[in-house]
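Inspection log for the structure reproduced underneath, given as structure tokens.
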Amino acid sequence: MIDTNVILFFVGLLLFLSVLASSLARFGPPLLLIFLIVGMLAGEDGPGQINFNNVPVAYFVANLALAVILLDGGLRTHFQTFRVALRPALSLATFGVLISATLAGAFIAVWLNVDWRYGLLLGSIVASTDAAAVFSQLRNSGVTLNQRVSATLEIESGTNDPMAIFLVTFLLGAIESDKGFTPSTILSEIAHQFGIGIAGGIVLGYVLSFLISRLRLVEGLYALLIVSGGLMAFTAINQLGGSGFLGIYVVGLVVGNRRNHASEHVFRVMDGLAWLAQAGMFLVLGLLVNPNQLWDHAGSAALIALFLIFVARPVAVWMSLLPFHFPSREQGFIAWVGLRGAVPIVLSLFPLMADLEGGQFLFDITFAVVLVSLLIQGTSLAWMARLLKLQLPREPGAVARFDFEGTRPDPYILLAFRIQPASSLAATQGDALARFDKLRCIAVTRGPRLLFPKRGFVYAANDLLYLITPERHAEELSLLFRGKNRDSEPAARAFFGSFILHGNATMAALATVYGVTLEARQGELEIADYMRRRLRRRPVEGDVVDVDGLRLTVRTLDAGVIETVGLRLREPERPEGGKKPRPRGGR
């Protein structure tokens with residue numbers, strides 16, 4: 001009993017210290033790095049003096065935690081993001097991992113002077129980005145990215161594990177059996193892993209979603225039902241020979257996008273479970289490492305990490321995204337967010353569990369590479385987004401949301417919105433709300449007072465309104481409360497420009513007003529069509545097209561169609577005579 005109490009005390013203490021240390025994340029270090037360091041300090045080489053070297057237990061904890069993290073990531077991913085980012089994300093998750101692993105493996109084999117199969121094995125271990133690291137850093141960096149970049153990163157990090165796991169297990173088998181392999185066997189295994197993972201995730205996700213929608217449980221039990229069902233799907237797909245990690249991500253995706261009891265309250269519980277999984281996983285992995293051994297390989301690990309950051313990952317991103325016409329700035333940021341985290345460390349446990357010669361060396365190198373990645377890339381995401389001018393102005397949305405049960409086929413929700421100064425609702429009697437059918441404002445908080453609006457009530461800026469409304473109005477209400485005209489906001493004005501154009505205006509009208517020279521037949525195009533042709537990809541908010549001395553920036557979209565465009569006049573360079581030259585003709 002004493003030993004049990006001591007163990008439970010230290011488990012609670014480590015989690016307690018990790019959560020307290022997470023407050024340091026606002027100063028730059030990623031939360032996952034903090035958890036790793038706490039685990040290392042608690043280990044046998046640190047003040048904690050905990051001697052933990054049980055590889056199977058660490059592997060079990062890491063797999064369990066990664067499954068929960070990927071399930072939560074899938075729950076938070078909307079289907080609409082797949083329209084923008086599915087193909088580029090899958091290209092990164094497959095070809096990108098393969099290219100990165102090949103380049104890193106070749107560098108490792110030459111630099112460390114090891115057998116090329118060992119080089120490829122270590123390259124494959126460190127090739128994939130980590131869902132836990134990417135999800136955590138993107139949500140806590142305070143950076144608002146355009147939908148194409150954020151969706152590509154999240155979908156890639158949630159789907160690239162199968163390729164890395166396949167490469168590691170395949171190379172381990174090749175090393176142990178001392179046999180070669182052919183491209184056809186590799187492709188068939190990849191198709192097997194991905195096919196069963198996706199199909200199993202879809203089928204089991206729909207089954208779980210059906211159960212959730214039919215069962216009546218205590219609110220807090222729905223999250224436990226989702227986690228338990230997701231874990232069963234994870235193990236079932238693994239047993240069938242597919243990728244359980246991909247499968248559980250798809251399960252979360254299906255459940256999160258179907259109408260059921262997975263409300264915002266359930267998502268909050270899931271977030272708590274995901275944080276617990278992250279903290280526990282990184283603490284255990286930190287306990288497993290020996291810092292003295294890491295220091296022995298610090299130089300080699302640092303060079304490998306730098307090669308991954310500045311060579312392998314950028315080349316893989318460029319080649320994978322070549323068919324999708326991503327701007328170079330976006331490619332640069334996606335390359336920089338190639339964060340390594342728990343997944344490479346978990347993959348480095350495979351050689352240890354297989355008793356592969358040099359397994360401990362592979363683990364130590366991988367752990368050091370992850371530390372360097374988190375230190376360099378994880379601490380600089382916000383800075384890099386600002387440097388590449390990818391940070392969108394943060395826009396306020398619903399303060400709170402609550403889903404009502406049994407309101408089909410037109411589901412109702414309770415939303416809380418704050419009236420922004422740019423909103424047309426400010427200083428009015430709420431006439432703009434009258435166009436939303438079946439909407440009712442039930443309460444308003446103004447400072448410390450709770451008010452119940454009646455006929456003739458005048459709303460003010462910064463009022464917090466509580467609305468019962470059909471769910472279909474949510475997005476349009478968000479636009480109304482923040483105001484489509486955001487010229488009064490300095491950040492939005494600096495990013496989009498001070499002028500707003502409608503997407504259905506013609507380029508001929510733009511040319512007449514601003515003296516732009518267009519090519520033949522371009523004047524007949526609407527601005528939205530012109531920008532889409534120039535972009536050669538599905539537009540998202542923040543996309544930019546330059547026309548002579550003008551910069552057009554996508555401001556709002558409606559069902560994927562450009563609705564409004566921000567316009568900014570670019571100051572051309574002055575010649576030596578001091579006179580301002582006229583803009584030249586557009587492309």
Side-chain angles (χ1 to χ4, degrees), residues 84 143-149 321 324-334 383-395 422 479 482-558 560-587:
V84 177
V143 173
T144 303
L145 301 169
N146 72 46
Q147 186 184 34
R148 180 172 48 249
V149 174
L321 297 182
F324 304 106
H325 307 292
F326 272 59
S328 57
R329 293 181 296 118
E330 294 181 4
Q331 290 186 36
F333 186 77
I334 291 172
W383 174 80
M384 184 60 70
R386 287 190 291 269
L387 178 68
L388 296 174
K389 299 180 180 178
L390 291 176
Q391 185 171 5
L392 296 179
R394 185 178 293 274
E395 295 184 352
L479 289 173
R482 70 173 180 247
K484 288 188 178 182
N485 184 354
R486 294 168 289 173
D487 292 343
S488 59
E489 302 174 26
R493 187 169 62 248
F495 185 86
F496 293 104
S498 301
F499 304 98
I500 303 174
L501 306 175
H502 289 285
N504 57 8
T506 64
M507 289 299 296
L510 180 69
T512 301
V513 175
Y514 292 98
V516 176
T517 303
L518 300 173
E519 294 181 2
R521 304 187 68 85
Q522 286 184 343
E524 302 172 4
L525 297 174
E526 294 182 350
I527 294 176
D529 293 333
Y530 174 81
M531 293 186 70
R532 187 176 184 112
R533 292 189 183 189
R534 284 281 304 275
L535 291 169
R536 294 191 296 167
R537 57 182 178 268
R538 188 183 181 92
V540 296
E541 183 181 355
D543 271 338
V544 172
V545 170
D546 290 331
V547 187
D548 287 342
L550 306 180
R551 169 156 291 180
L552 304 177
T553 306
V554 177
R555 194 174 181 117
T556 60
L557 297 103
D558 183 15
V561 178
I562 298 173
E563 186 180 34
T564 61
V565 174
L567 182 146
R568 183 167 67 245
L569 300 176
R570 295 188 302 154
E571 286 292 332
E573 296 181 2
R574 294 177 181 270
E576 293 183 1
K579 293 183 179 180
K580 195 173 183 179
R582 291 180 57 83
R584 292 175 294 183
R587 290 174 291 178

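Contact annotation: the side chain of Leu510 never approaches that of Val547 to less than 4.5 Å [non-hydrogen atoms, C-beta and beyond]. No side-chain heavy atom of Val565 sits under 4.5 Å from any side-chain heavy atom of Val545. Using a 4.5 Å heavy-atom threshold, the side chains of Ile527 and Ile562 count as separate. Residues Glu330 and Leu390 meet the side-chain proximity criterion, which asks for heavy atoms closer than 4.5 Å. Put simply, the side chain of Val149 reaches to within 4.5 Å of the side chain of Ile334, judged on heavy atoms.
Taking the salt bridge (Lys or Arg N to Asp or Glu O under 4.0 Å) definition, one finds that Glu526 meets it with nothing, sequence neighbours left out. Taking the side-chain contact (heavy atoms from CB on, under 4.5 Å) definition, one finds that Val544 meets it with Asp546, Arg551, Thr553, sequence neighbours left out. Residues passing the side-chain contact (heavy atoms from CB on, under 4.5 Å) test with Arg533 are Leu525, sequence neighbours excluded.
Counting heavy-atom neighbours within 6.0 Å of His325 NE2, excluding the residue itself, gives a total above 12.
The shortest heavy-atom contact between Ala511 and Leu518 is CB-CD1, 3.9 Å. Across all their heavy atoms, Phe495 and Arg568 have their closest contact at O-NH1, 2.8 Å. Across all their heavy atoms, Gly560 and Arg532 have their closest contact at O-NH1, 3.8 Å. Nearest heavy-atom pair across Leu557 and Glu541 is CD1-N, 3.4 Å. Minimum heavy-atom separation, Leu145 to Ala385: CD2-CB, 4.2 Å.
How far CG of Leu388 is from CH2 of Trp383: 8.0 Å, rounded to the nearest 0.5 Å. The distance from the CZ atom of Arg534 to the CD atom of Gln522 is 8.0 Å, given to the nearest 0.5 Å. Within the model, atoms CG of Leu567 and CG of Leu552 stand 5.5 Å from one another, a figure rounded to the nearest 0.5 Å. With rounding to the nearest 0.5 Å, the separation of CZ in Arg386 from CZ in Phe333 is 10.5 Å.
Checking each of Arg536, Arg538, Arg537 against Asp543 for a salt bridge (charged side-chain N to carboxylate O under 4.0 Å, His left out) leaves exactly one that passes, namely Arg537.
Of the possible polar contacts, one joining the Gln331 side chain to the Phe326 backbone as a donor-acceptor pair under 3.5 Å is found.
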